[in-house]
Asks: 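So that we are looking at the same thing, I have put the structure below in structure tokens.
As the structure lists them, so they are numbered: ligands from 1, and atoms in each ligand from 1. Both backbone and side-chain heavy atoms feed into the values below; hydrogens, waters and symmetry mates do not. Keep in mind the model is a prediction, meaning the values are calculated, not measured. Counting from 1, the numbers follow the sequence of the chain as shown.
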Amino acid sequence: MTRFQNKVALVTGSSQGIGAACALRLAADGADIILNGRKLDERGEDIIKQIEALGRRAHFLVADVSKMQNVVDLVNEAISVYGQLDILVNNAGVEKNNDFWNVTEEEYDFVMDTNLKGIFFGIQAFVKYCMNNKRGGVVVNMSSVHEEIIFPHFAAYCASKGGLKMLTRNLATELAPLNIRINNVAPGAIATPINKKLMETPELLEGVLDNIPMRKLGTPEDVAALVAFLASDDAKYVTGSTYFVDGGLTYHYEEQ
Ligand SMILES: NC(=O)C1=CN([C@@H]2O[C@H](COP(=O)(O)OP(=O)(O)OC[C@H]3O[C@@H](n4cnc5c(N)ncnc54)[C@H](OP(=O)(O)O)[C@@H]3O)[C@@H](O)[C@H]2O)C=CC1
Ligand SMILES: O=C1Nc2ccccc2C1=O
């Protein structure tokens with residue numbers, strides 16, 4: 001008997017990085033997986049093969065979650081693929097580096113629509129399904145240490161993750177009577193393609209490592225392990241909170 005036997009999980013933004021690791025971990029623990037990204041290419045094809053090699057089913061749905069109707073359609077299509085949806089992992093996220101005074105409306109919308117609006121309406125579609133079917137559900141949102149600590153020149157990113165923190169706290173209360181749990185995972189610096197420049201620039205990397213007590217970047221699998229715990233019944237009394245996976249970064253930083 002595996003943790004997620006007879007469960008289906010949708011992981012947004014799962015063609016690479018943390019989302020791909022979450023999809024693989026949930027599949028390794030027994031779930032069938034709906035993958036997602038803005039396009040299906042060799043990265044997505046490879047994750048499908050890896051999930052099938054684990055003996056689980058995988059289906060990729062192309063959708064841009066920054067658009068309200070797209071994310072609603074994504075959730076509803078995900079439900080129809082295997083006839084059920086039990087776990088929603090809102091992982092897709094983007095960032096834009098710019099001085100605050102130069103941030104454009106386009107950059108602001110790009111970040112906020114992906115990291116907050118898409119998650120808001122994706123959860124809404126999932127909750128409507130859970131209400132109609134009288135079945136509970138689990139939501140895990142991919143936040144960031146930057147829902148808590150500053151990241152100069154990433155104002156929209158910080159605002160999106162701070163908003164996600166409050167959305168999760170608020171929904172925990174509203175959704176508990178529906179038997180739906182919701183939590184945030186807040187990674188620190190993780191070795192994924194989003195951090196390519198950081199990993200390839202020694203002086204940037206050194207500056208980041210100086211703020212991490214464990215003095216190393218995390219792996220996507222480190223994040224996925226926490227997501228799997230929160231999605232599982234082992235966390236059946238856990239809702240409305242944020243859990244950090246950051247090598248000690250957040251509270252070390254706050255001590256500076
Ligand atoms: N890496 C890190 O250090 C940290 C990451 N995080 C958070 O973790 C999450 C994942 O980050 P990470 O794995 O590093 O990111 P990556 O950039 O490596 O991967 C992002 C994934 O999301 C997909 N994606 C991006 N935008 C959309 C969209 N609008 N609709 C659907 N899919 C989309 C991408 O695929 P495609 O481009 O094909 O659509 C890709 O599969 C994000 O929410 C990020 O904020 C938080 C803290 C630290
Ligand atoms: O997206 C992020 N990239 C990072 C790099 C270092 C620390 C935190 C983060 C993020 O939240």
Asks: Measure from the ring center of Tyr243 to the ring center of Phe229 and say whether it is less than 6.0 Å.
Replies: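 No, ring centres 6.0 Å or more apart.
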Asks: Verify the distance criterion only: is there a donor paired with an acceptor across the side chains of Asn97 and His153 at less than 3.5 Å?
Replies: no
Asks: Who's touching ligand 1 if we go heavy atoms under 4.0 Å?
Replies: Gly13, Ser14, Ser15, Gln16, Gly17, Ile18, Asn36, Gly37, Arg38, Lys39, Arg43, Ala63, Asp64, Val65, Ser66, Asn91, Ala92, Gly93, Val94, Thr114, Met142, Ser143, Ser144, Tyr157, Lys161, Pro187, Gly188, Ala189, Ile190, Thr192, Pro193, Ile194, Asn195
Asks: Any donor and acceptor pair, going by atom type alone, linking the side chain of Lys161 with main-chain N or O of Ala186 inside 3.5 Å?
Replies: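 Side chain of Lys161 to backbone of Ala186: no pair is present.
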Asks: Any donor-acceptor pair under 3.5 Å linking the side-chain atoms of Gln84 with those of Asp86?
Replies: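 Yes, a side-chain donor-acceptor pair sits under 3.5 Å.
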Asks: Do Thr168 and Asn141 get their side chains close enough for a donor-acceptor pair, meaning under 3.5 Å?
Replies: yes
Asks: Regarding Glu147 and Thr242, do their side chains bring together a donor and an acceptor under 3.5 Å, going by distance alone?
Replies: yes
Asks: Using a 3.5 Å cut-off on N/O to N/O, what pairs does ligand 2 make with the protein? A line per pair would be great.
Replies:
from	atom 1	to	atom 2	distance (Å)
ligand 2	1 (O)	Glu95	OE1	2.6
ligand 2	1 (O)	Tyr157	OH	2.9
ligand 2	3 (N)	Asn195	OD1	3.3
ligand 2	11 (O)	Ser144	OG	2.7
ligand 2	11 (O)	Tyr157	OH	3.2

Asks: Report yes or no: do Ser66 and Asp113 form a side-chain donor-acceptor pair below 3.5 Å?
Replies: no
Asks: Taking the hydrophobic residues Ile, Leu, Val, Met, Phe, Trp and Tyr, and joining any pair whose side-chain heavy atoms are under 4.5 Å apart, which ones share a cluster with Phe100?
Replies: Trp101
Asks: Scan for ring-ring contact (aromatic ring centres under 6.0 Å, His included) pairs involving residues 127-149, sequence neighbours excluded, and state none if there are none.
Replies: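 Sorted pair list: His146-Phe151.
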